[in-house]
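Taking it in order: structure first as structure tokens, then the write-up.
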Amino acid sequence: MTNPYAAIERGHPGRIGWRIFYFDRLGSTQQAAGELAARGAAQGTVVIAEAQEAGRGRLGRTWYSPAGKNLYATVILRPNALALSQVASLSLAAGIAVAETLERFAPGEVALKWPNDIWLSRRKAGGLIAEAIVAPDQRLQYVLLGVGLNLNLAENDIPEDLRWRATSVLAATGQRCDRVGVADELFARLETRYREHAKSGFAGLKPTYDRYCALKGKKVSVVAGGQPRSGFVLGVDETGALLLEVGASVDRILAGDVSVESAYEEGV
Amino acid sequence: MAKSPASARPLSTLPAADVAEVRALSELMREYGLAELELEDGRRRLRLVRAQIRAAAAETTEAGTSAAPAAKGQEPPAAERQAPTAAPDGSAPALGPNQYLLPSPMVGTFYRASAPDAPPLVEEGDTVRRGQPLCIIEAMKMMNEIEAEAIARVVKILCENGGRVEYGQPLMVLEKP
């Protein structure tokens with residue numbers, strides 16, 4: 001089987017997409033990329049699969065991954081100089097790159113649901129998962145950045161019970177897109193945002209993130225560990241944490257499941 | 001350990017050259033497995049104690065090896081990082097000989113397994129090898145897998161699955177074989 005993504009391999013080791021491993025079918029791109037990274041694969045190495053048998057979302061939640069329609073990619077990053085306090089916001093920086101990529105194919109419809117869901121027309125069209133391997137001497141070994149995007153999935157291909165909250169570029173715009181072209185655009189945008197994040201952290205990217213932030217001003221509930229909390233989203237702070245106004249105080253949310261308190265707008 | 005914590009200076013108050021030196025010395029200590037290192041020249045006296053070797057370091061605020069990365073980025077200075085890292089209920093776990101604490105490198109949510117239906121990465125009593133994943137800390141959907149630095153036995157897991165952990169909070173008691 002030929003690798004259609006070989007055409008967009010560019011640059012030297014270290015640049016995102018310099019080398020693209022392509023598989024017909026994989027357990028998950030995260031798993032395969034993790035094995036490559038553990039064996040020393042250079043930064044920017046990418047794993048793409050046509051279909052995933054065990055596509056992983058956050059905390060091992062499965063991700064519906066049919067063959068030949070979508071883009072499933074994991075990028076190996078080695079941000080060796082990055083402080084651990086900055087690692088978490090790397091996935092938000094990557095989210096910006098994904099949003100900017102989709103903006104070209106579905107203009108005006110793209111939003112980010114903190115921290116890592118991609119929305120088109122208020123339905124989930126994709127997501128990011130980021131896994132960092134940290135040694136106990138607090139050295140970051142590598143980061144696996146996984147992106148799943150629904151591209152040419154027809155409305156009818158989406159399982160019926162997911163249709164109200166899941167979509168694709170095709171379902172949202174009526175237009176098919178060239179998956180290799182999307183990947184090419186994505187890797188270029190990721191490269192840019194990754195370098196910016198490495199240089200000046202998330203603070204400089206915050207205004208761009210704010211533009212795509214779907215939750216700003218929304219009433220949401222957050223489930224993190226213990227009790228659910230309800231409040232209005234003020235935005236994100238300079239570290240990428242979600243700022244939730246609860247009564248008279250403002251909570252900084254670093255982790256948890258956020259749902260918009262309206263069935264119509266709820267993400268997956 | 002005869003020393004006065006009052007004389008120890010937080011890393012953040014040291015000139016950059018000294019920070020670099022402390023870092024280099026910390027690397028050396030790790031490499032040769034030294035628990036303590038004392039240096040004196042005309043200018044000053046420097047003493048480093050490795051927290052992960054000396055269980056007693058839980059009481060000290062002196063710069064230990066794990067302080068090295070604090071010099072970069074915006075992490076809190078070493079003195080804070082090394083601070084007793086009391087358990088959430090305020091009680092610092094008692095450590096036996098050869099035992100040490102695994103501190104959380106970040107604020108986030110502590111998970112013992114990589115997926116809700118997966119078995120825990122480690123159980124109390126397990127012996128782990130170098131590089132083996134011990135737990136996961138999630139912050140903003142970045143799943144941070146924390147690995148074992150060396151072969152060790154997991155004596156006690158101090159945090160609850162799904163609970164919030166603070167920077168420097170002890171996650172586990174480990175024991176050198």
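In what follows, chains carry the letters A, B, and so on, assigned in the order in which the sequence lines appear, proteins first and then strands, with residues in each chain numbered from 1.
The closest side-chain heavy-atom distance from A/Val87 to B/Met106 is not below 4.5 Å.
Atom CG of B/Asn144 and atom CG of A/Leu140 lie 8.0 Å apart (nearest 0.5 Å). Taken to the nearest 0.5 Å, the CD atom of A/Gln30 stands 11.0 Å off from the CE atom of B/Met143. The CG atom of A/Leu254 sits 8.0 Å away from atom OG1 of B/Thr109, with the distance rounded to the nearest 0.5 Å.
When all heavy atoms of B/Met142 and A/Ser91 are compared, the closest pair comes out as CE-N, 4.3 Å. Nearest heavy atom pair, residue A/Ala88 against residue B/Ala139, reads CB-O, 3.5 Å.
Within a 6.0 Å sphere centred on CD of B/Glu160, other residues, nucleotides and ligands contribute 12 heavy atoms or fewer.
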